[in-house]
*Asks:* 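Okay, here's the structure, questions in a sec.
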Amino acid sequence: MVSIIVAFKKQTDAANIRNLLTRFGYNVVGVCTTGAAVLNVIDQMIDSDGIVICGCRLGDMDYFHLHKFLPEYYEMVIMGSQAALGQVESEDVLKITLPMKTQAFINNIGLLETTMMRRRKKRREMPRSRSGEERILIENAKSLLMEAKKYTEEEAHRYLQKTSMSNGTSIVETAQMVMELFG
């Protein structure tokens, strides 16, 4: 589930949006009146995606400055009058005109949350790229196995993979162990 932070200049506006979201089952982790408070809530979150729902202006900054400080995996939803949203220049924020229809608002948040969860799943499924040092370490371990056990390169690689899976370690950690044993 995506964490949501609600931030408006007026505490009552923020509380009303929070109440609406929680009534529909969303995870609201913070209600703020300043951009600094939003960033503080985000800092306390551990490795999380999130949505910041805010007005165009907060107590200490506007949406534009807050948006610049948001982590990579956070999305912003700006709520305001047609005139205020006409001033919003950023293309990568969702704009919701007030007054709003409750169901349309909830649907928009649901779509945004679904999109974010798909992106998170794709990020987790992407293979982690190895650093140059890690690739060299794996190649050196394979070379040692080829010399010591007379493996082909393919057999050495398969040995590293199988051993890492059996031991519950990464292939890099297994290569390090091979270097220590045979090196």
Side-chain angles (χ1 to χ4, degrees), residues 1-131 134-135 161 164-165 168 170-172:
M1 182 173 273
V2 174
S3 301
I4 298 176
I5 302 169
V6 179
F8 285 88
K9 202 172 193 176
K10 292 182 182 175
Q11 181 75 25
T12 53
D13 293 342
N16 288 338
I17 297 296
R18 179 208 50 217
N19 293 342
L20 177 64
L21 290 165
T22 53
R23 192 169 59 225
F24 282 89
Y26 288 98
N27 180 31
V28 179
V29 296
V31 175
C32 308
T33 57
T34 65
V38 170
L39 296 173
N40 189 33
V41 170
I42 290 171
D43 285 343
Q44 294 173 11
M45 304 297 293
I46 299 173
D47 191 33
S48 174
D49 295 5
I51 300 171
V52 174
I53 301 173
C54 65
C56 295
R57 245 348 267 112
L58 297 173
D60 58 350
M61 65 179 77
D62 61 16
Y63 80 91
F64 182 77
H65 290 99
L66 177 59
H67 189 254
K68 286 195 306 190
F69 292 113
L70 290 182
E72 181 181 358
Y73 300 121
Y74 269 75
E75 297 291 334
M76 181 177 271
V77 176
I78 302 173
M79 300 176 75
S81 67
Q82 185 71 41
L85 292 178
Q87 306 281 328
V88 173
E89 298 171 7
S90 184
E91 292 294 321
D92 55 344
V93 298
L94 176 62
K95 302 171 200 169
I96 297 179
T97 306
L98 294 174
M100 65 174 184
K101 298 211 180 289
T102 301
Q103 196 57 51
F105 172 68
I106 294 301
N107 290 344
N108 280 322
I109 299 303
L111 286 171
L112 185 57
E113 182 180 45
T114 301
T115 302
M116 292 178 74
M117 291 173 77
R118 282 186 186 139
R119 272 193 244 143
R120 180 190 307 163
K121 185 177 178 188
K122 277 186 181 177
R123 276 196 319 264
R124 288 184 178 156
E125 289 174 353
M126 284 177 32
R128 191 178 72 81
S129 60
R130 293 196 176 90
S131 70
E134 291 173 331
R135 285 192 300 272
Q161 284 180 322
S164 69
M165 288 172 62
S170 72
I171 197 164
V172 174

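Nothing fancy with the numbering, it's 1 onward along the sequence.
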*Asks:* How far does CD1 of Ile106 sit from CG of Leu111, to the nearest 0.5 angstrom?
*Replies:*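 Taking CD1 in Ile106 and CG in Leu111, the distance rounds to 11.5 Å.
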*Asks:* Looking only at non-hydrogen atoms, find the nearest pair between Leu58 and Gly35 and report the distance.
*Replies:* CD1-N, 3.7 Å
*Asks:* Any heavy-atom pair between the side chains of Leu39 and Leu66 that's under 4.5 Å?
*Replies:* yes
*Asks:* Looking at every heavy atom in both Phe8 and Ile53, which two are closest together, and how far apart are they?
*Replies:* CE1-O, 4.0 Å
*Asks:* Write down the atom of Ile109, the atom of Tyr26, and the distance for their closest heavy-atom approach.
*Replies:* CG2-CE2, 3.8 Å
*Asks:* Out of curiosity, Lys101 NZ to Asn107 CG, how far, rounded to the nearest 0.5 Å?
*Replies:* 13.0 Å
*Asks:* So how far is it from Tyr73 OH to Met45 CE, rounded to the nearest 0.5 Å?
*Replies:*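 Going from OH on Tyr73 over to CE on Met45, the span is 16.0 Å.
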*Asks:* Flag the pair Met79 / Asp13 as yes when at least one side-chain heavy-atom distance between them is below 4.5 Å, and no otherwise.
*Replies:* no
*Asks:* Mind listing the closest non-hydrogen atom pair of Cys32 and Val41 along with its distance?
*Replies:*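 That closest heavy-atom pairing would be SG-CG2, 4.0 Å.
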*Asks:* What heavy-atom pair brings Cys56 and Ile78 nearest, and what distance separates the two atoms?
*Replies:*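 The pair with the smallest heavy-atom distance is SG-CG2, 3.6 Å.
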*Asks:* Answer yes or no: is there a side-chain heavy-atom contact under 4.5 Å between Tyr63 and Val52?
*Replies:*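 Side chain of Tyr63 against side chain of Val52, heavy atoms only: no contact under 4.5 Å found.
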*Asks:* Do the side chain of Asp62 and the main chain of His65 share a donor and acceptor less than 3.5 angstrom apart?
*Replies:* yes
*Asks:* Out of curiosity, Thr34 OG1 to Lys9 NZ, how far, rounded to the nearest 0.5 Å?
*Replies:*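 If we round to the nearest 0.5 Å, Thr34:OG1 and Lys9:NZ are 12.0 Å apart.
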*Asks:* Could you measure the distance from the OG atom of Ser3 to the CD atom of Gln44? Nearest 0.5 Å is fine.
*Replies:* 12.0 Å
*Asks:* Quick one: CZ on Arg120 to CD on Glu125, what's the gap to the nearest 0.5 Å?
*Replies:*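 One finds 12.5 Å between CZ of Arg120 and CD of Glu125.
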*Asks:* Mark yes or no for whether Asp60, through its side chain, and Ala36, through its backbone, hold a donor-acceptor pair below 3.5 Å.
*Replies:*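 The answer is yes, because a donor-acceptor pair under 3.5 Å joins these two groups.
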*Asks:* With heavy-atom distances below 4.5 Å as the criterion, would you say the side chains of Pro71 and Ile42 are in contact?
*Replies:*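 They are in contact (side-chain heavy atoms under 4.5 Å apart), so the answer is yes.
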*Asks:* Tell me, do Met61 and Lys68 make a side-chain contact under 4.5 Å, heavy atoms counted?
*Replies:* no
*Asks:* Any non-hydrogen side-chain atom of Leu20 less than 4.5 Å from a side-chain atom of Met100?
*Replies:* yes
*Asks:* Please check if the number of heavy atoms outside Phe24 that lie under 6.0 Å from its CZ is greater than 12.
*Replies:* yes
*Asks:* Side-chain atoms of residues 83-90: list all donor-acceptor pairs with protein atoms under 3.5 Å, sequence neighbours left out, distances to 0.1 Å.
*Replies:*
| unit_1 | atom_1 | unit_2 | atom_2 | d |
| --- | --- | --- | --- | --- |
| Ser90 | OG | Asp92 | OD1 | 2.6 |

*Asks:* As a test of understanding, state which of Ile51, Leu112, Thr115, Thr114 forms a side chain to side chain contact (heavy atoms under 4.5 Å, CB included) with Val2.
*Replies:* Ile51
*Asks:* When you compare the side chain of Val29 with that of Ile5, does any pair of heavy atoms fall below 4.5 Å?
*Replies:* yes
*Asks:* Do Asp49 and Arg123 come within less than 4.5 Å of each other through their side chains, counting heavy atoms only?
*Replies:*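 With C-beta onward as the side chain, the pair touches.
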*Asks:* Restricting to non-hydrogen atoms, name the atom on Arg130 and the atom on Arg135 that form the minimum distance, rounded to 0.1 Å.
*Replies:*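 Minimum heavy-atom separation between Arg130 and Arg135: O-NH1, 2.5 Å.
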